[in-house]
Number of protein chains: 2
Amino acid sequence: MDEKAPTRPRTRIQREKQDRILEAALDIFSTHGFRGATIDQIAEAAGMSKPNLLYYFPRKEEIHKRLIARLLDMWLAPLREMDPSGDPIPEIRSYIRRKLEMARDFPRESRLFANEMLQGAPRTIDMLEGDLKRLVDEKAAVIRGWVAEGKLSRVDPYHLIFSIWATTQHYADFDVQVRAVLGPDRNGEGRFDDAARYLEQLFMHGLVPRG
Amino acid sequence: MDEKAPTRPRTRIQREKQDRILEAALDIFSTHGFRGATIDQIAEAAGMSKPNLLYYFPRKEEIHKRLIARLLDMWLAPLREMDPSGDPIPEIRSYIRRKLEMARDFPRESRLFANEMLQGAPRTIDMLEGDLKRLVDEKAAVIRGWVAEGKLSRVDPYHLIFSIWATTQHYADFDVQVRAVLGPDRNGEGRFDDAARYLEQLFMHGLVPRG
DNA sequence: GAGATTTTTGACCAATTGGAAAAACGTTAG
DNA sequence: CTAACGTTTTTCCAATTGGTCAAAAATCTC
């Protein structure tokens, strides 16, 4: 069958333009949400005319769908790599570190996802209840096993995962607030190092000083 | 001087209608963001015609401003009440609990705020750098004092506050995801109790089991 | 109940929106 | 060169958007 829909890039020029569109769309969608973003905005950010953009992605939703798909795949990689046969503490520690690095290096992706969640995940709910839930269930079982072996405190594995997501993504999603509160001084990229150190302490030993 | 702008309600009917509008607007703004929300939507949700709504709030931005103002005031109350002369551990514990209760009882407010942050806080940045920063600076100093007295682990007070915000608001902002992952079973309002228990353990002692 | 005032409605507007059509342009294989 | 193809632009459209305005309706004051 011949598909004319340019969903997957065939030629060099198609690949380039589609990349430019997706790049621009990530900017716009991640700050304005799906409804708040306009095709004109995206087209301008991508340096092309609206009809030209629509030649590559026949509708607005198509662009968004592609971005979300790319994102979810990449987003869950760190959790996927949590190794059941590894040592619990280093595994979790490194999961937190990798997740924080992603918040630092891909803040727009984080915000795109956050936007979608805030809106009730209308275009993502299936993946949440499918792939995502399956993966989390699997890893939760692993964590539960670790707890049973006495290698972790007796914590709810689901809420543990939530808290890792929350604390790391916060630095991407609430970046403005973080910057505003830290002020101009404490505000180089060094804040991610501070965050890493803090989260290490929090997740390992908490706030109560050890006797 | 005679102000005709109905910014503050004068009569009973004004108060009622303005409340209905703000209530409806909270729904819409918190799920679609400022740009994604339309006056028509809000008017319909409030059960009145668009021109009628515009009689009470002459522009869209006015509604949003009022909501944000109301929200910030209420949102920072728990932090404001953190008592420098109290015991550190109970003070922080109770701050976390109150913040989690707010996420449970006022999820739309949380999402409204999150939406504004994602968009770069265009209508809120002044408050963030003003009132908010001042308050956080003040409380951070308090926490630093507690650390110096050896009553808390040696943590960065700013990131401590961020992590409390992140973990608690997560249950409001990412509600869809939390529900999807927990599945239909584990999903009564009991999830907030589970969260409370988990956060207690996390913030007090972390994940490493005590010898 | 008359008159003043407040509230509501209906009709309207210009700008913006997502998108369609088709013609114009460019590229390339034969 | 030319036919076939892929790309881009111009023009257009109907729907939606935030907002206005004057008249109608309801309410309040005396």
Side-chain angles (χ1 to χ4, degrees), chain A residues 1-22 24-25 27-29 31-68 115 119 122-123, chain B residues 1-29 31-68 115 119 122-123:
Chain A
M1 53 174 121
D2 65 326
E3 64 236 44
K4 57 168 175 283
T7 33
R8 290 106 196 276
R10 315 213 150 294
T11 75
R12 173 187 53 90
I13 188 159
Q14 282 178 348
R15 214 176 312 120
E16 278 178 13
K17 292 261 167 152
Q18 286 196 30
D19 283 354
R20 263 170 55 198
I21 293 170
L22 289 172
D27 262 1
I28 309 296
F29 279 136
T31 63
H32 294 295
F34 183 77
R35 292 212 44 190
T38 75
I39 300 185
D40 287 280
Q41 262 180 307
I42 298 172
E44 202 202 320
M48 64 185 76
S49 69
K50 180 171 60 169
N52 196 185
L53 183 152
L54 285 166
Y55 172 70
Y56 291 101
F57 290 91
R59 32 210 62 229
K60 188 182 169 184
E61 204 164 340
E62 230 64 48
I63 312 175
H64 194 263
K65 225 191 306 193
R66 276 278 291 277
L67 283 175
I68 290 277
N115 247 312
Q119 284 157 37
R123 283 164 286 272
Chain B
M1 49 176 128
D2 64 327
E3 63 236 46
K4 56 167 172 283
T7 33
R8 290 106 197 278
R10 316 211 149 294
T11 76
R12 173 190 52 89
I13 189 159
Q14 282 178 347
R15 215 176 311 120
E16 278 178 13
K17 292 259 165 154
Q18 287 197 29
D19 283 353
R20 264 170 54 198
I21 293 170
L22 289 171
E23 168 71 18
L26 180 57
D27 262 2
I28 309 296
F29 280 136
T31 64
H32 295 295
F34 183 77
R35 292 213 42 190
T38 74
I39 300 184
D40 287 280
Q41 262 179 307
I42 298 171
E44 202 202 319
M48 63 185 74
S49 69
K50 181 170 59 168
N52 196 183
L53 182 151
L54 285 166
Y55 172 71
Y56 291 101
F57 291 90
R59 30 212 67 229
K60 189 182 170 184
E61 205 163 338
E62 230 63 48
I63 313 175
H64 194 264
K65 223 191 309 193
R66 275 277 291 275
L67 283 175
I68 290 278
N115 247 312
Q119 284 156 38
R123 282 165 286 273

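When side chains are defined from C-beta on, B:Asp27 does not count as touching B:Ile42, because their heavy atoms never get closer than 4.5 Å. B:Lys17 has its side chain out of reach of B:Tyr55: every pair of non-hydrogen atoms, C-beta onward, lies at least 4.5 Å apart. Side-chain contact between A:Gln41 and A:Glu44 is absent, with no heavy atoms from C-beta onward closer than 4.5 Å. Inter-residue side-chain proximity for B:Ile63 and B:Leu53 is flagged as met; some heavy-atom pair is nearer than 4.5 Å. No side-chain heavy atom of B:Thr38 sits less than 4.5 Å from a side-chain heavy atom of B:His32. Residues A:Asn115 and B:Asn115 have side chains in contact (heavy-atom distance under 4.5 Å, counting atoms from C-beta outward).
What separates CG of B:Asp40 from C1' of D:dG19 is a distance of 11 Å, to the nearest Å. Atom pair B:Leu54:CG and D:dG19:C1' shows a separation of 6 Å (rounding to whole Å applied). When rounded to the nearest whole Å, the span between CD of B:Glu16 and P of D:dT27 equals 12 Å. Rounded to an integer number of Å, the gap from A:Met48 CE to D:dT7 C1' is 11 Å. The interatomic distance linking B:Arg59 (CZ) with D:dT17 (P) rounds to 18 Å, in whole Å. Protein atom CZ of B:Phe57 is 16 Å distant from nucleotide atom P of D:dG18, rounded to whole Å. Whole-Å rounding puts the B:Tyr55 OH to D:dA25 P distance at 17 Å. One can place CZ of A:Arg15 at 16 Å from P of D:dG6, the figure rounded to the nearest angstrom.
Dashed line: the shortest gap from a side-chain N or O of B:Gln41 to OP1 or OP2 of D:dT17 is not under 4.0 Å.
The closest donor-acceptor contact from the side chain of B:Lys60 to the backbone of B:Ala37 lies under 3.5 Å. One N or O on the side chain of A:Arg20 and one on the backbone of A:Ala46 form a donor-acceptor pair closer than 3.5 Å.
Taking the ring centre of B:Phe34 as origin, the terminal cationic atom of B:Arg123 falls inside the region bounded by 6.0 Å and 45° from the ring axis.
When DNA chain C is scanned in the 5' to 3' direction for atoms under 4.0 Å from non-hydrogen atoms of chain B, the outermost contacting nucleotides are C:dT6 to C:dT17.
When the nearest nucleotides of DNA chain D are assigned to B:Ile39 and A:Asn52 by heavy-atom distance, the more 5′-ward of the two goes with A:Asn52. Comparing B:Lys50 and A:Lys50 along DNA chain C, the residue whose closest nucleotide (by nearest heavy atom) sits nearer the 5' end is B:Lys50. Checking A:Leu53 against A:Arg35, the closest nucleotide of DNA chain D that is more toward the 5' end is the one next to A:Leu53.
Note that the two end axes of the helix from C:dG1-D:dC30 to C:dG30-D:dC1 enclose an angle of 10°, each drawn from 5 base pairs, rounded to 10 degrees.
Residue A:Ser49 is in base contact, counting any heavy-atom pair closer than 4.0 Å across all strands shown. Within 4.0 Å (heavy atoms only), B:Ala43 reaches no atom of the nucleic acid at all.
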